[in-house]
J.: 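First, the structure itself, so that you have it in front of you.
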2 protein chains.
Amino acid sequence: MNIENSKAQMKKGILEYCILSIISRGEVYASDIIDELKNSKMIVVEGTLYPLLTRLKNDELLSYQWIESKSGPPRKYFQLTKEGKKILKELEETWNELVQAVKYTTTQSNKK
Amino acid sequence: MNIENSKAQMKKGILEYCILSIISRGEVYASDIIDELKNSKMIVVEGTLYPLLTRLKNDELLSYQWIESKSGPPRKYFQLTKEGKKILKELEETWNELVQAVKYTTTQSNKK
DNA sequence: TTTAGTACTTTGTATTGCATAGTACAAAAT
DNA sequence: ATTTTGTACTATGCAATACAAAGTACTAAA
């Protein structure tokens, strides 16, 4: 029984919501996203983030453009599409429902 | 982009915590657990629950005993082991941390 | 020119929720 | 007595995604 694995499993499905949320606040590129997640105590690694961004792009929730960097290779800046904004709202709803359901499940005192 | 799939993905890793929590309140068998989850708006199916219960038993977080039923086949009643109680506390902590992290990620207003 | 740092891509693995098929037991129906 | 129905559990294959690791590409510094 590995608590770190439980953490990773709990993260599944939630990162999508978090990442769309970060991008909804303005154009960012991958390292920005990793930094923001880190700030929020949510550690995500490249092997997760890049494929996830690609999936979101393929699902047409994101669009991107290449922008030259001042001090290194070019960067891919992402924005939400119209569809992306819509799905973000749905994911927010879904997450809130899940939080309520877990709360209810774990604090219920009578089985009835 | 399928919101139902997002729901299922979000559930991954969380069910463990919910199920241990339900069992912590007293001996129950599988259908009891499904009912309680349903009451809490968390739908889980047999194909998920049974293997999960088996995993938890194999990890020594649960023990069980067969009890004859009044009106059907015998039932497997589960209880938490000492280890199970300990892990439940850790999962509770882990979940709360995750909820905080998501909240922080999705409501942060300045990138800094 | 080579090295180091940054950014992105690809692929394979492990894990788990779901769908489905099947077995087993007991009570009800035939 | 036998068959059907309802309940309970087992097993297996699939889909999806977080993570680890290997690799490519670009730019600035050494």
Side-chain angles (χ1 to χ4, degrees), chain A residues 1-20 27-35 37-38 42-59 62 64-78 91 94 98 101-102, chain B residues 1-20 27-35 37-38 42-59 62 64-78 91 94 98 101-102:
Chain A
M1 185 62 215
N2 175 6
I3 205 70
E4 286 307 311
N5 178 56
S6 297
K7 253 187 179 173
Q9 298 300 329
M10 283 187 182
K11 266 190 232 167
K12 279 192 179 176
I14 294 169
L15 290 182
E16 209 166 76
Y17 170 47
C18 294
I19 284 162
L20 286 176
E27 266 198 344
V28 286
Y29 80 111
S31 285
D32 285 335
I33 296 172
I34 288 185
D35 286 344
L37 290 168
K38 218 179 264 178
M42 191 169 295
I43 311 296
V44 174
V45 295
E46 303 150 8
T48 300
L49 183 59
Y50 285 109
L52 177 47
L53 288 170
T54 301
R55 283 198 320 264
L56 293 174
K57 190 245 336 171
N58 289 339
D59 286 341
L62 297 183
Y64 67 81
Q65 63 208 98
W66 287 100
I67 296 183
E68 292 197 338
S69 157
K70 285 208 194 102
S71 57
R75 298 164 173 177
K76 217 177 206 175
Y77 278 82
F78 295 93
L91 287 175
T94 299
L98 182 64
V102 172
Chain B
M1 184 64 219
N2 175 2
I3 204 71
E4 287 307 311
N5 179 55
S6 296
K7 252 185 179 174
Q9 298 300 329
M10 282 186 183
K11 263 190 235 171
K12 284 190 177 180
I14 294 168
L15 289 181
E16 209 166 76
Y17 169 47
C18 294
I19 284 162
L20 285 176
E27 268 198 342
V28 286
Y29 79 109
S31 285
D32 285 334
I33 296 173
I34 286 184
D35 286 344
L37 290 169
K38 217 178 268 180
M42 191 170 293
I43 312 296
V44 174
V45 295
E46 302 150 8
T48 300
L49 184 60
Y50 286 109
L52 177 48
L53 288 170
T54 302
R55 282 199 317 265
L56 293 174
K57 191 248 331 168
N58 289 339
D59 285 342
L62 298 183
Y64 68 81
Q65 63 210 96
W66 287 102
I67 297 183
E68 293 197 339
S69 155
K70 287 211 191 94
S71 57
R75 298 163 173 177
K76 217 177 210 179
Y77 277 84
F78 295 92
L91 288 175
T94 298
L98 182 64
V102 171

J.: Checking side chain to side chain contact (heavy atoms under 4.5 Å, CB included) between I19(B) and each of T48(B), L37(B), V28(B), which is the one that passes?
T.: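 Result for side chain to side chain contact (heavy atoms under 4.5 Å, CB included) with I19(B): L37(B).
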J.: Considering only dC26(D), dC18(C), dT10(D), which nucleotide approaches the side chain of V44(B) most closely?
T.: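 Closest of the options to the side chain of V44(B): dC18(C).
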J.: Under 4.0 Å between any heavy atoms, over every strand shown, what does S31(A) touch: base, sugar-phosphate, or nothing? Just pick one.
T.: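 Counting heavy atoms under 4.0 Å across all strands, the contact made by S31(A) is with sugar-phosphate only.
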J.: Taking the minimum atom-to-atom distance to the side chain of P73(B), which one of dG6(D), dT15(C), dT17(D) wins?
T.: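 Out of dG6(D), dT15(C), dT17(D), the nucleotide with an atom closest to P73(B)'s side chain is dG6(D).
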J.: From C-beta outward on T48(A), which listed nucleotide comes closest to its side chain: dC8(C), dA18(D), dA25(D)?
T.: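 The nucleotide sitting nearest to the side chain is dA18(D).
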J.: Please report, rounded to the nearest Å, how far the C1' atom of dT17(D) is from the CG atom of D59(A).
T.: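 Distance check: D59(A) CG to dT17(D) C1' gives 13 Å.
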J.: Rounded off to whole Å, could you give me the CH2-to-P distance for the W66(B) and dT7(D) pair?
T.: 17 Å
J.: Checking the side chain of K11(A) only, and the main-chain atoms of I43(A) only, is there a donor and an acceptor separated by less than 3.5 Å?
T.: yes
J.: Could you please name the option among dC9(D), dT16(C), dG17(C) that lies closest to any side-chain atom of A30(B)?
T.: dC9(D)
J.: Verify the contact: side-chain N or O of N5(B) to OP1 or OP2 of dT17(D), cut-off strictly under 4.0 Å; return yes or no.
T.: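 Yes, N5(B) has a side-chain N/O under 4.0 Å of OP1/OP2 on dT17(D).
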J.: With respect to the phosphate group of dA27(C), does any side-chain polar atom (N or O) of K70(B) fall under 4.0 Å of OP1 or OP2?
T.: no
J.: For R75(B) and dC9(D), is the shortest distance between a side-chain N/O and OP1 or OP2 below 4.0 Å?
T.: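 Negative; the distance criterion is not met.
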J.: Working to the nearest 0.5 Å, report the span between CG of L53(B) and OH of Y29(B).
T.: 13.0 Å
J.: Using the closest heavy atom to pick a nucleotide of DNA chain D for each, name whichever of I43(A) or S69(B) lands nearer the 5' end.
T.: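 Checking each residue's closest nucleotide, the 5'-ward one belongs to S69(B).
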J.: In whole Å, I'd like the distance from the CD atom of E68(B) to the P atom of dA26(C).
T.: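 So the CD-P distance, E68(B) to dA26(C), works out to 7 Å.
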J.: What is the separation between atom CD on Q9(B) and atom C1' on dT16(C), rounded to the nearest whole Å?
T.: 9 Å
J.: Once you round it to whole Å, what is the distance between C1' of dT7(D) and NZ of K76(B)?
T.: 15 Å
J.: If you check every side-chain atom of A8(B), which of dT10(D), dT17(D), dG17(C) has the closest atom?
T.: dG17(C)
J.: Quick one: M10(A) CE to dT15(C) C1', roughly how many Å, whole number?
T.: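 Spelled out: CE on M10(A) to C1' on dT15(C) is 14 Å.
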J.: Given the structure, check if the side chain of K12(A) and the base of dT15(C) hold any donor-acceptor pair shorter than 3.5 Å.
T.: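 Yes.
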J.: Does S71(A) place a side-chain N or O at less than 4.0 Å from the phosphate oxygens OP1/OP2 of dT27(D)?
T.: no
J.: Between Y50(A) and dC8(C), does any side-chain N or O lie under 4.0 Å from OP1 or OP2?
T.: yes
J.: Please report the shortest heavy-atom distance between Q9(A) and G13(B), naming the atom on each side.
T.: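 Closest pair (atom of Q9(A), atom of G13(B), distance): CB-CA, 3.5 Å.
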J.: By nearest nucleotide on DNA chain C, pick out whichever of G72(A) and Y64(A) is the more 5' one.
T.: G72(A)
J.: Looking at R55(B), does any N or O in its side chain come under 4.0 Å of the phosphate oxygens OP1/OP2 on dG17(C)?
T.: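 Yes, such a contact exists.
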J.: Find the distance between SG (C18(B)) and CG (L98(A)) and round it off to the nearest 0.5 Å.
T.: 7.5 Å
J.: Among dC26(D), dT11(C), dA18(D), find the nucleotide with the atom closest to the side chain of P51(A).
T.: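 Nearest listed nucleotide: dT11(C).
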J.: Starting at atom CG of L49(A), determine the distance to atom P of dT6(C), rounded to an integer number of angstrom.
T.: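 Rounding to the nearest Å, CG of L49(A) and P of dT6(C) are 17 Å apart.
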J.: What's the verdict on side chain to side chain contact (heavy atoms under 4.5 Å, CB included) for Q65(B) and K76(B), showing C-alpha distance, side-chain angles and the deciding distance?
T.: CA-CA 6 Å; Q65(B) 63 210 96; K76(B) 217 177 210 179; over 6 Å; no
J.: OP1, OP2 of dC19(D) versus side-chain N and O of K11(A): anything below 4.0 Å?
T.: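 Yes, because at least one side-chain N or O of K11(A) sits under 4.0 Å from OP1 or OP2 of dC19(D).
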J.: Starting from P on dT16(C), measure out to NZ on K7(A) and report it in whole angstrom.
T.: 16 Å
